[in-house]
Amino acid sequence: KVFSEGKTIVYNNPLAFPRAFFVNTTECLPGKEMVIRKMFYSQTNLRLRAFIEEKDGCSNLPTNWSEGKVTKITYSENNISVETENPDEGFLVFVDSYYPTWKAKIYNYNTNMTKMAKILLTDFAFRGIRVPKGKNTITFSVNLL
């Protein structure tokens, strides 16, 4: 129990997932039913493995990744910034809802370059993104106009 007021009680869940985290492995699946089956009916540790829904396949996507760390997350209106560091290429799961109007770009401090990045539908409802080696800032943005 963290806080209570009247009949309202707020609890801390120490088992809750962080807002953004890196996984060690990914698996590409062709549909929602397969993703649900793998997520809920297998002994998969979802902190280490993510499932990507891609009807056309993920033939160019590696399945093993470097484990990076998220150092900072900043929210503002229609923009989210995630700072990361990883020793090699990693796969970031961002536990905000996937929606196709969101766009992502990655600024890599090693190359001083910004590139657009594809957001992948991950773990049924979330965003997944391929992150290059090094220190990066990933910016998610949406334009609703």
Side-chain angles (χ1 to χ4, degrees), residues 1-56 58 61-110 113-145:
K1 181 176 170 180
V2 176
F3 172 80
S4 66
E5 183 176 317
K7 292 184 178 183
T8 303
I9 303 171
V10 177
Y11 292 95
N12 178 35
N13 181 356
L15 302 177
F17 279 63
R19 176 69 62 156
F21 59 95
F22 283 90
V23 294
N24 295 335
T25 60
T26 54
E27 185 176 345
C28 187
L29 300 166
K32 292 187 182 313
E33 296 80 19
M34 297 274 302
V35 172
I36 290 170
R37 190 174 300 125
K38 287 280 191 164
M39 287 178 67
F40 296 106
Y41 299 111
S42 68
Q43 297 298 315
T44 302
N45 182 342
L46 295 175
R47 292 180 187 269
L48 302 175
R49 184 179 189 101
F51 298 101
I52 301 165
E53 182 185 335
E54 189 71 35
K55 290 174 180 44
D56 299 327
C58 304
L61 198 66
T63 56
N64 295 307
W65 304 91
S66 166
E67 190 170 339
K69 64 181 177 177
V70 175
T71 57
K72 184 178 179 183
I73 301 176
T74 307
Y75 280 86
S76 63
E77 187 176 323
N78 300 328
N79 286 293
I80 303 163
S81 178
V82 181
E83 295 180 18
T84 66
E85 290 182 28
N86 35 316
D88 209 342
E89 187 175 36
F91 192 85
L92 180 77
V93 177
F94 189 66
V95 189
D96 269 13
S97 296
Y98 173 91
Y99 198 75
T101 57
W102 282 93
K103 305 295 180 215
K105 62 183 177 181
I106 301 175
Y107 175 75
N108 183 279
Y109 289 87
N110 296 357
M113 293 180 65
T114 300
K115 292 184 179 180
M116 295 304 292
K118 183 176 182 180
I119 301 172
L120 299 166
L121 178 55
T122 303
D123 289 347
F124 189 75
F126 304 128
R127 300 179 210 165
I129 194 163
R130 191 176 186 167
V131 180
K133 174 182 180 176
K135 183 176 178 183
N136 300 280
T137 298
I138 304 155
T139 304
F140 294 97
S141 60
V142 66
N143 185 353
L144 300 175
L145 299 177

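Because the structure is predicted, anything quoted here is derived from the model rather than measured.
Side-chain contact between Ile73 and Ile80: present, with at least one pair of heavy atoms (C-beta onward) separated by less than 4.5 Å. Taking the side chain as every heavy atom from C-beta outward, Phe51 and Leu46 approach each other to under 4.5 Å. With a 4.5 Å cut-off on side-chain heavy atoms, Thr139 and Lys105 count as touching. Annotation: side chain of Phe3 is in contact with side chain of Glu5 (closest heavy-atom distance under 4.5 Å). Taking the side chain as every heavy atom from C-beta outward, Lys135 and Thr84 never approach each other to under 4.5 Å. Within the 4.5 Å cutoff, the side chain of Tyr98 has heavy atoms near those of the Ile119 side chain. Val2 has its side chain out of reach of Tyr11: every pair of non-hydrogen atoms, C-beta onward, lies at least 4.5 Å apart. Using a 4.5 Å heavy-atom threshold, the side chains of Val131 and Phe22 count as touching.
Inspection of the Ser141 and Trp102 side chains reveals no N or O donor paired with an N or O acceptor under 3.5 Å. For Tyr75 and Ser81, the side-chain atoms include no donor-acceptor pair closer than 3.5 Å.
Without hydrogens or angle criteria, Ser66 side chain to Asp88 main chain gives a donor-acceptor distance under 3.5 Å. Counting only distance, with no hydrogens or angles, the side chain of Asn136 and the backbone of Gly134 share a donor-acceptor pair below 3.5 Å.
Here the closest heavy-atom approach between residue Lys38 and residue Leu29 is recorded as CG-CD1, 3.7 Å. Among all heavy-atom pairs drawn from Asn86 and Pro132, the shortest one is ND2-O, 3.2 Å. For Ala104 against Ile129, the heavy-atom pair with the smallest separation is CB-CD1, 3.5 Å. Here the closest non-hydrogen pair linking Lys133 and Asn110 is O-ND2, 3.7 Å. The two residues Val23 and Leu48 come nearest to each other via the heavy atoms CB-O, 3.3 Å. Across every non-hydrogen atom of Arg49 and Thr44, the tightest pair is CD-CG2, 3.6 Å.
For an aromatic pair to be called close, the ring centres must be under 6.0 Å apart, and Tyr109 with Tyr107 satisfies this. Between Phe94 and Phe140, the ring center distance clears the sub-6.0 Å criterion.
Residue Thr25 holds its OG1 atom at 8.0 Å from CD of Glu27, rounded to the nearest 0.5 Å. Here the CG atom belonging to Leu121 is positioned 13.0 Å from the OH atom belonging to Tyr99, to the nearest 0.5 angstrom. Interatomic distance, Thr71 OG1 to Glu85 CD, rounded to the nearest 0.5 Å: 5.5 Å. With rounding to the nearest 0.5 Å, the separation of OG1 in Thr26 from CG in Leu61 is 5.0 Å. To the nearest 0.5 Å, atom OG1 of residue Thr122 and atom CD of residue Glu53 are 9.5 Å apart. Between the OG1 atom in Thr63 and the CD1 atom in Ile52 there is a gap of 10.0 Å [rounded to 0.5 Å].
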Under the side chain to side chain contact (heavy atoms under 4.5 Å, CB included) rule, what do Glu54 and Leu120 come out as? Steps first, then yes or no, please.
CA-CA 8 Å; Glu54 189 71 35; Leu120 299 166; 3.7 Å; yes

Step by step, work out the side chain to side chain contact (heavy atoms under 4.5 Å, CB included) result for Val82 and Val70.
CA-CA 7 Å; Val82 181; Val70 175; 3.8 Å; yes

Could you give me the CA-CA distance, side-chain angles and deciding distance for Val142 and Lys103, then say whether side chain to side chain contact (heavy atoms under 4.5 Å, CB included) is met?
CA-CA 6 Å; Val142 66; Lys103 305 295 180 215; over 6 Å; no

Starting from the C-alpha separation in whole Å, work towards a yes-or-no answer on side chain to side chain contact (heavy atoms under 4.5 Å, CB included) for Asn24 and Asn64.
CA-CA 6 Å; Asn24 295 335; Asn64 295 307; over 6 Å; no

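Other residues, nucleotides and ligands contribute only 12 or fewer heavy atoms inside 6.0 Å of the NZ atom of Lys69.
Residues that satisfy the salt bridge (Lys or Arg N to Asp or Glu O under 4.0 Å) test with Glu83, not counting sequence neighbours, are absent from this structure. Under the salt bridge (Lys or Arg N to Asp or Glu O under 4.0 Å) criterion, Asp96 pairs with Arg19, sequence neighbours left out. Listed by chain and number, the residues in a salt bridge (Lys or Arg N to Asp or Glu O under 4.0 Å) with Arg47 amount to none (sequence neighbours excluded).
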